[in-house]
Chemist: 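The structure under discussion is supplied below as structure tokens; questions concerning it will follow.
Numbering of residues begins at 1 and proceeds along the displayed sequence.
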Amino acid sequence: MRYALDRDEDLAPFREHVHGRFDRWLAQQRAVGPGFTPEQLRWLHMIRDHVAGSLEVSLNDFDYAPFAQEGGRGRAVQVFGKRLPKLLDELNEVLAA
């Protein structure tokens with residue numbers, strides 16, 4: 001649909017678009033800040049994959065697989081701290097745009 005509306009130049013699976021947007025976003029984050037820890041990167045990749053399959057991510061999604069197996073919402077809050085809600089909003093905007 002995005003291709004038909006001229007919002008995407010390529011007719012490619014949504015997952016590929018999400019992965020490309022994520023890679024660009026991650027590069028921008030690394031350029032302006034201290035970057036992410038290996039554990040944060042692991043969570044960010046899970047979030048990316050969730051958005052690719054579900055179009056968005058919310059705090060409630062952390063109660064389900066694959067997040068629940070990694071400690072769920074509580075662990076996500078420990079990993080990202082107060083930054084988590086804003087980070088989810090930003091990723092939803094960037095990845096599903």
Chemist: Looking only at heavy atoms, what is the nearest atom pair of Arg15 and Ala52, with distance?
Modeler: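 Arg15 and Ala52 have their closest heavy atoms at NH1-CB, 3.6 Å.
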
Chemist: Any chance CD of Glu39 has more than 12 other-residue heavy atoms, nucleotides or ligands included, within less than 6.0 Å?
Modeler: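 Correct, the count exceeds 12.
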
Chemist: For Ala68 and Asp63, which heavy atoms make the closest approach, and how far apart are they?
Modeler: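 That closest heavy-atom pairing would be CB-O, 3.7 Å.
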
Chemist: Would you mind reporting whether Asn92 and Val57 have side-chain heavy atoms less than 4.5 Å apart?
Modeler: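 Side chain of Val57 against side chain of Asn92, heavy atoms only: contact under 4.5 Å found.
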
Chemist: Can Arg42 and His45 be said to form a side-chain contact (heavy atoms from CB on, under 4.5 Å), step by step?
Modeler: CA-CA 5 Å; Arg42 193 166 46 81; His45 283 99; 5.8 Å; no

Chemist: Rounded to the nearest 0.5 Å, what separation is found between the OH atom of Tyr64 and the CZ atom of Arg73?
Modeler: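 Tyr64 atom OH to Arg73 atom CZ measures 9.0 Å (nearest 0.5 Å).
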
Chemist: Mind checking what makes side chain to side chain donor-acceptor pair (under 3.5 Å) contact with Trp43, not counting sequence neighbours?
Modeler: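 So Trp43 forms no side chain to side chain donor-acceptor pair (under 3.5 Å) with any residue.
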
Chemist: Could I get the full list of side chain to side chain donor-acceptor pair (under 3.5 Å) partners for Gln28, not counting sequence neighbours?
Modeler: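 By the side chain to side chain donor-acceptor pair (under 3.5 Å) rule, Gln28 matches no residue at all.
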
Chemist: Please round to the nearest 0.5 Å and tell me the distance separating atom CG of Leu95 and atom CZ of Arg48.
Modeler: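 Output value for this atom pair is 9.0 Å.
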
Chemist: Side chain to side chain donor-acceptor pair (under 3.5 Å) with Glu16: which residues, sequence neighbours excluded?
Modeler: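 Checked Glu16 against side chain to side chain donor-acceptor pair (under 3.5 Å); zero matches.
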
Chemist: Check the hydrophobic clustering (I, L, V, M, F, W, Y; side-chain heavy atoms under 4.5 Å; chains of links allowed) and say if Phe67 and Leu55 are grouped together.
Modeler: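 Yes.
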
Chemist: For Phe80, run the side chain to side chain contact (heavy atoms under 4.5 Å, CB included) check against Leu88, Thr37, Leu87 and tell me which one passes.
Modeler: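 Answer after filtering Leu88, Thr37, Leu87: Leu87.
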
Chemist: On a heavy-atom basis, which atom in Pro66 and which in Met46 lie closest, and how many Å separate them?
Modeler: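 Shortest heavy-atom separation between Pro66 and Met46 comes out as CG-SD, 4.1 Å.
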
Chemist: Taking the side chain as C-beta and beyond, is there a heavy-atom pair between Phe22 and Asp49 under 4.5 Å?
Modeler: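 No, their side chains stay 4.5 Å or more apart.
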
Chemist: I need the Ile47 CD1 to Gln40 CD distance, nearest 0.5 Å.
Modeler: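 Answer rounded to 0.5 Å: 10.0 Å.
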
Chemist: How far apart are the C-alpha atoms of Phe36 and Leu26, what are their side-chain angles, what is the distance that settles it, and do they pass the side-chain contact (heavy atoms from CB on, under 4.5 Å) test?
Modeler: CA-CA 9 Å; Phe36 296 100; Leu26 193 55; 3.7 Å; yes

Chemist: Could you check if a side-chain atom of Gln29 sits within less than 4.5 angstrom of a side-chain atom of Glu90, using non-hydrogen atoms only?
Modeler: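 A side-chain contact exists here, since the closest heavy-atom pair is under 4.5 Å.
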
Chemist: Of the non-hydrogen atoms in Ala96 and Phe14, which two are nearest, and what is the gap between them?
Modeler: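 Heavy atoms only, the tightest pair is CA-CZ, 4.1 Å.
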
